[in-house]
Amino acid sequence: MAIETPILVLGIETTCDETAAAVVERGNDGHGRILSNIVRSQIAEHAPFGGVVPEIAARAHVDMLDGIVATAMQEAGVTYAQLSGVAAAAGPGLIGGVIVGLTTAKAIALVHDTPLLAVNHLEAHALTPRLTDALAFPYCLFLASGGHTQIVAVLGVGNYVRLGTTVDDALGEAFDKVAKMLGLPYPGGPQVEHAANAGDATRFHFPRPMLGRPDANFSLSGLKTAVRNEASRMTPLEAQDINDLCAGFQAAVLDSIANRLDVGLQLFAEQFGPPTALVAAGGVAANQAIRGALRDVAARARTELIVPPPALCTDNGAMIAWAGAERLALGLTDALEAPPRARWRLDDNVEVPATFANTRAGF
Ligand code: KG4
Ligand code: ZN
């Protein structure tokens, strides 16, 4: 049964290195309001290792989550009895963390007799522009984070078509690995962007992987290896060398993103008609040069670029709560047996009844 009254959902996110909880309200008109959004990043715990250590992440989630949920509820000023449901990211992600978040949500659902929503983390990223901008379907999502690089046609709640993905490293992962090999601290994305701004992008010409291919997939490992080879050839590196290597790497990434998204948007238009917008999400969308490239891509495709505010682009609880609210509005809930999933493709979501699939006329 679809719900017609305002929906109040607590959302929990623990799939990677952010422990987060939020309370979001979805009004009758479908508009969202964030009542609280608490995020605690574990960057400090993982920085000494140059990347996220799954066991450390899971333990930190265990230590932090109860307090963060309590703070989110308190800041929102709501009681558990007022909740319409409790949502947790049930994957994809680091399984230890996913288990912590999902189990906590199940306990709350059981104790307070409220529905559970086992949300796909990628679906939560995909639906965020409906929370921030009340964006109508169908739109094209470019999700680029430390764990994911995907171009997705978002056609309706539970109705997604993956148009492109990376065949090896995620974009943020490539930034982090390049930073690490050049001796820059973790997380590397902002460091590489900063160094690139002071560098000469014409000094090195790195390969532009997948350029001109008819599919919309990404590949980053060849580019990363090319940077590594050049760096080890020149060791010891001066500060200017590092800046120039970062600038060369970022220039190759920009060309690759532009070409892959040109193709992705072309595929989108052929299959689903014009999108309402190109939406960028994930930590990599914070990169100003990448945003510039995305603006050009959107202009070429005659569509608008929407980038949700940074705090809602990176992992957070509000996006999980919102995805839960969107599903609850369609009467979709999950059993307490819902499994935590390390892998979970967005287009595996086929359980939405056809009547709820928000497709366009003629599609
Ligand atoms: O979405 P996010 O905060 O967390 C997940 O990975 O789920 O994304 C973090 C990733 C990291 O790999 C980080 O290096 C990258 O986003 N990143 C950037 C920038 N800021 C963050 N990559 C390139 N340029 C940036 N300015
Ligand atoms: Zn994410």
Side-chain angles (χ1 to χ4, degrees), residues 11-20 22 39-43 46-47 49-54 57 61 88-94 97-98 101 119-128 141-150 152 165-166 169-182 184-199 218 220 223-224 227 246-247 249-254 256-257 279-294 307-320 322-323 342-344 346:
I12 294 172
E13 161 59 37
T14 53
T15 61
C16 191
D17 61 343
E18 265 96 24
T19 315
V39 181
R40 187 198 173 270
S41 167
Q42 302 173 2
I43 284 179
H46 299 289
F49 305 94
V52 178
V53 183
H61 289 308
L94 301 173
V98 175
V119 167
N120 181 316
H121 175 93
L122 301 173
E123 174 170 43
H125 277 300
L127 296 175
T128 297
L141 172 75
F142 175 49
L143 174 63
S145 68
H148 306 284
T149 303
Q150 306 200 350
V152 179
T165 187
T166 179
D169 291 346
L171 257 172
E173 189 183 359
F175 271 91
D176 293 338
K177 286 180 176 170
V178 164
K180 195 173 180 182
M181 70 178 79
L182 299 179
L184 300 172
Y186 174 85
Q191 305 283 337
V192 171
E193 179 181 15
H194 187 70
N197 286 340
F218 291 80
L220 291 145
L223 169 59
K224 181 190 66 192
V227 177
C246 287
F249 165 75
Q250 190 168 280
V253 165
L254 293 179
S256 177
I257 288 179
V279 177
V284 179
N287 184 301
Q288 291 301 325
I290 291 177
R291 279 190 192 211
L294 294 178
V307 189
L312 297 173
C313 265
T314 56
D315 291 350
N316 65 86
M319 70 177 188
I320 306 297
W322 174 253
R343 295 181 166 275
W344 188 0
L346 192 50

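Start at 1 and go down the list; that is how both ligands and their atoms are numbered. Everything numeric in this text was worked out from a predicted model, so none of it was measured.
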inquiry  = Using a 4.0 Å heavy-atom cut-off, which part of P190 comes near ligand 1: side chain, backbone, both, or neither?
reply    = both

message = Looking only at the aromatic ring of each residue, does the gap between the centers of F249 and F175 stay below 6.0 angstrom?
response = yes

ask   = Are any of the N or O atoms of G172 closer than 3.5 Å to those of ligand 1?
value = yes

note = closest protein heavy atom to atom 12 (O) of ligand 1 is D176 OD2, 2.7 Å

key: Gap between atom CD of Q288 and atom CD of E193 - 0.5 Å precision   = 6.0 Å

ask   = Quick one: does ligand 1 sit under 4.0 Å from the side chain of N287, the backbone, both or neither, non-hydrogen atoms only?
value = both

task = Output the distance between atom CZ (R291) and atom CG (L254), rounded to the nearest 0.5 Å.
result = 13.5 Å

Heavy-atom nearest neighbour in the protein, as seen from atom 18 (C) of ligand 1, with distance rounded to 0.1 Å = G189 CA, 3.4 Å

query = Where the Zn ion (ligand 2) is the corner point, what angle links NE2 of H125 with NE2 of H121, to 10°?
reply = 100°

request  = Using the side chain to side chain donor-acceptor pair (under 3.5 Å) rule, take Q250 and N287 through it: C-alpha gap first, then chi angles, then the decisive distance, then the call.
outcome  = CA-CA 10 Å; Q250 190 168 280; N287 184 301; 3.1 Å; yes

key: ligand 1 atoms in contact with G282 (distance to a heavy atom under 4.0 Å)   = 1 (O)

remark   = Closest non-hydrogen atoms of P92 and N120, given as atom of the first, atom of the second and distance, are CD-OD1, 3.5 Å

message = Rounded at 0.5 Å granularity, tell me how far NE2 in H121 sits from OG1 in T15.
response = 4.0 Å

ask   = How many angstroms lie between CD1 in I43 and OH in Y186, if you round to the nearest 0.5 Å?
value = 6.5 Å

inquiry  = How far is atom 7 (O) of ligand 1 from the closest protein heavy atom, and which atom is that?
reply    = D315 OD2, 2.9 Å

message = Can you name the atoms of ligand 1, numbered from 1 with element, that are less than 4.0 Å from a heavy atom of G147?
response = 6 (O)

message = Which residue and atom name correspond to the protein heavy atom nearest atom 1 (O) of ligand 1, and how close is it?
response = G283 N, 2.9 Å

key: Proximal atoms of ligand 1 relative to F175 (non-hydrogen, under 4.0 Å)   = 22 (N), 23 (C)

ask   = Step by step, would you call E18 with N316 a side chain to side chain contact (heavy atoms under 4.5 Å, CB included)?
value = CA-CA 7 Å; E18 265 96 24; N316 65 86; over 6 Å; no

message = Starting from atom 15 (C) of ligand 1, what is the nearest protein heavy atom, named by residue and atom, and what distance separates them?
response = V284 CG2, 4.0 Å

message = For ligand 1, which is the ligand I care about here, please tell me if T314 has any N or O atom under 3.5 Å from one of the ligand's N or O atoms.
response = no

ask   = Tell me, which N, O or S atom in D315 is closest to the Zn ion (ligand 2)?
value = OD1

ask   = Nearest protein heavy atom to atom 26 (N) of ligand 1, by residue and atom, and its distance?
value = E193 OE1, 2.8 Å

query = Do V39 and D315 have side chains that get closer than 4.5 Å, going by heavy atoms?
reply = no

remark   = All heavy atoms of L122 vs all of Q150, minimum pair found to be CD1-NE2, 4.0 Å

query = N/O of E18 under 3.5 Å from N/O of ligand 1, yes or no?
reply = no

query = So which protein heavy atom does atom 6 (O) of ligand 1 come closest to, and at what separation?
reply = G146 N, 2.7 Å

ask   = Does ligand 1 have any atom sitting under 4.0 Å from a heavy atom of C16?
value = no

request  = Take E173 and T149 through the test side chain to side chain contact (heavy atoms under 4.5 Å, CB included) and record every step on the way to the result.
outcome  = CA-CA 10 Å; E173 189 183 359; T149 303; over 6 Å; no

